[in-house]
Amino acid sequence: MKKRLSLTVKKVLNTVSLLTQENIKANREIIHEIVYLSLPSHARKKYYTAGLEGPYSEDVDLLIQGLLYKKSLRYENGFKAETNGTPDRRERVTVEFLKKHHLLQHDKLAEFSRVFMFFDELKDKKEEELVNYIKKRSKFLGWTDLSRKTKNVILRYLKYARELEKELKGASSGRMGNRDSSG
Amino acid sequence: MHLLEGWEIETLPVRDPIYNFIEIPREFISLIDSEIFQRLRWISQTPLEQLVYPSVAHSRFEHSLGTMYLAMIAAVSLIRNSPARLEAILKEDDAFRSLSPKERERQFILSAGAIGLLHDLGHPPFSHALEEACEYIFEDEKHFYNHEIVSYYYARILLRQKKVKTTPWGEKALSVLKNKKSKEKIKLSPVENLLLTLIDGPIDVDKGDYLLRDSYHCGTTYGLYDRDRLWRNIIITKDNQLGVHPKGAVEAWALRIARYRLGTGVYQHHTRNIIDAMLIDILCGIEKECLPLIIPDYRKKEKFLGWTEHTFLNALMEAGDSRTRRKVERLRKRELYKRGFEINLIEFPELLIKETVTQVKRDLLFWKDSLSSRVKDKIIFLVDRIPIPPVFEKEVQKEIIVEENGNEKPLAEYLGFKLEETQIVSCPWRIFIFVDKDLKDNKEILEGIEKDLREYLEKISKPLS
């Protein structure tokens with residue numbers, strides 16, 4: 001295997017492990033969302049599509065399956081990692097950021113990750129234009145709840161998206177010194 | 001009176017074994033009569049299956065016409081079953097907004113038809129088998145053959161040639177074909193998303209046609225479902241997605257089962273897998289500098305237009321050395337390899353994702369090369385997905401929505417078999433090893449090869465810790 005991969009078994013395992021530590025029920029949807037947010041932008045586009053339940057990656061599903069097969073994950077009211085992971089900076093930064101802004105609740109995380117998907121793919125749009133685009137378009141992607149949010153709520157999510165992206169960039173630039181694996 | 005008369009779409013009928021008559025809109029006649037489209041007559045729909053099911057001889061041409069017709073049937077059903085929701089979707093689109101409601105619907109039907117008609121324009125000889133082979137022979141992804149990219153490339157040329165590129169249906173067809181591979185849904189307009197799902201979704205008109213057609217030509221019943229019942233009962237859900245009315249729910253399920261049955265019984269029949277592996281083996285043995293003679297640059301139009309299964313095999317014979325020629329002869333005479341063993345890649349989670357599987361395909365060539373000369377010329381391999389029964393599919397468990405009296409449920413829940421989260425699975429990958437006849441019965445050597453391959457896979461996958 002010659003390539004350096006952004007999406008690995010370790011990344012999924014670390015995400016589940018972090019969620020377990022935070023006492024968050026790690027269902028499939030939440031794993032998809034957190035892995036998505038913690039990936040670099042090019043990798044988000046490579047592995048993920050806009051699914052009915054938000055950012056979705058078939059590869060993440062396959063990795064979960066492989067981990068269950070290897071018994072590195074088990075399911076007990078949510079997925080649980082059998083061992084404590086060693087999360088890299090991007091994973092830690094993502095979960096800490098979500099925790100700090102109370103975005104780790106399922107419905108909030110679902111909304112935020114969907115807004116983030118718009119933000120990540122349409123960075124060239126102006127803020128006002130992007131808010132209108134999200135409000136108008138999200139209902140046609142099966143994300144009706146998001147389309148019903150007020151402009152202020154979406155603006156707040158966009159502000160968080162920008163902040164998280166900035167923090168992740170900082171985490172990546174410190175990558176070499178910390179021997180992270182996902183940059 | 002035919003299906004499309006209410007929208008002033010004038011059509012020409014042609015006979016077809018699946019629909020009895022296919023109605024072709026006048027707007028599409030010049031596209032069909034072009035050399036780009038006529039090439040599809042010489043590209044088989046299921047070329048390698050012919051070595052398993054002798055009667056299979058149909059082409060991408062008839063499948064494209066069938067998909068066009070079924071797409072228009074589906075579009076009419078959406079107009080009839082979900083008029084308000086569809087109208088809201090159509091009005092969101094810049095190309096449709098200024099049109100009258102009736103004209104919007106007409107353009108929607110034509111858009112669906114055009115996408116169905118043009119979706120397979122770029123198929124190479126031996127279709128998916130050749131695309132798959134490219135992943136083994138080329139190191140760089142940019143050389144992989146992707147029929148969706150090529151279909152878009154030639155659809156654009158064709159629509160421009162016939163001066164219909166800027167019609168609303170021409171625009172929509174191009175936009176959907178352009179995004180069919182990347183599925184950048186966020187950037188597509190709502191009607192483009194709907195059309196994309198209609199051609200490439202959990203229940204789509206591509207499958208809707210090829211399951212029936214391939215089944216018919218194979219002489220099997222594996223791909224049957226009640227076409228009218230399903231496509232007359234599709235709807236747009238509250239979330240503006242393609243869904244089904246309860247009357248069509250069982251047929252949506254039947255379509256997924258038909259796909260599974262045809263997958264296991266035809267597309268992934270063990271003999272078909274062996275033939276795929278033989279084709280890959282032949283191509284892997286070609287000198288790099290000769291490959292452009294066999295797989296030409298698709299942008300060279302004259303070469304592309306003459307690129308059929310017949311010319312492809314001839315080019316292999318001309319460009320290949322004596323060893324390649326022997327292999328091609330062997331394929332032509334149907335002197336097949338035998339099943340050796342298979343390894344499920346779920347045992348190696350690090351290798352499970354698409355990106356690593358692509359690398360594994362290349363790595364297996366090195367592994368094979370490292371074997372003793374006694375065996376390496378007697379084995380071939382294939383990396384393939386394992387079909388899973390539809391009950392476990394995400395599509396059935398979550399994505400296909402049934403709307404009954406305003407309540408929406410995933411198909412599995414509606415039919416009463418909703419599963420736990422851990423039971424919903426994706427198709428993992430497996431490695432098939434096929435061997436020459438004389439190795440088949442030598443258990444000791446086969447076990448040795450399997451042990452060696454497992455060790456190799458361990459080595460190339462990273463540890464879990």
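By convention in this document, chain letters (A, B, ...) are assigned in the order of the sequence lines, proteins followed by strands, and residues within each chain are numbered from 1. Computed from a prediction, not measured in an experiment: that's the story for all the values here.
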Heavy-atom pairs under 4.5 Å with chain A, option from [options] with the top count:
| options | answer |
| --- | --- |
| B:Ile89, B:Thr422, B:Ile401, B:Ile346 | B:Ile346 |
| B:Glu399, B:Lys185, B:Glu92, B:Lys354 | B:Glu92 |
| B:Leu352, B:Val425, B:Ile186 | B:Ile186 |
| B:Arg85, B:Glu184, B:Lys394 | B:Lys394 |

Region of [X] in contact with chain B, defined by heavy-atom distances below 4.5 Å:
| X | result |
| --- | --- |
| A:Lys45 | neither |
| A:Arg28 | both |
| A:Phe118 | both |
| A:Thr144 | both |
| A:Leu141 | both |

Just checking, is any N or O donor in the side chain of B:Glu403 or B:Thr237 under 3.5 Å from an acceptor N or O on the other one?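 Not at all, the side chains of B:Glu403 and B:Thr237 share no donor-acceptor pair under 3.5 Å.
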
Does any part of the side chain of A:Ser41, heavy atoms only, come nearer than 4.5 Å to the side chain of A:Glu165, both counted from C-beta?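 A:Glu165 vs A:Ser41: side chains touch.
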
Check each atom of [X] against the heavy atoms of chain A and say whether the ones under 4.5 Å are side chain, backbone, both or neither.
| X | result |
| --- | --- |
| B:Glu421 | both |
| B:Leu188 | backbone |
| B:Lys187 | both |

Flag, side chain of [X] to backbone of [Y], donor-acceptor distance under 3.5 Å:
| X | Y | result |
| --- | --- | --- |
| A:Ser17 | A:Leu13 | no |
| B:Arg256 | B:Pro390 | no |
| B:Tyr456 | B:Asp363 | yes |

Should we count CD of B:Glu455 as having more than 12 external heavy atoms under 6.0 Å?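 Yes, the 6.0 Å shell around CD holds more than 12 heavy atoms from other groups.
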
Start with the C-alpha distance between B:Tyr414 and B:Trp253, add both sets of side-chain angles, then the distance that settles ring-ring contact (aromatic ring centres under 6.0 Å, His included), and finish with yes or no. CA-CA 11 Å; B:Tyr414 176 80; B:Trp253 172 234; over 10 Å; no

Classify the ring geometry of A:His32 against A:Tyr56: parallel below 30°, tilted from 30° to 60°, perpendicular beyond 60°. parallel

Quick one: sort the A:Phe112 and A:Tyr160 rings into parallel, tilted or perpendicular, breaks at 30° and 60°.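 Ring orientation, 0 to 90° scale: perpendicular.
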
From the list A:Ile64, A:Leu62, A:Val60, the residue making the most non-hydrogen contacts under 4.5 Å with chain B is A:Leu62

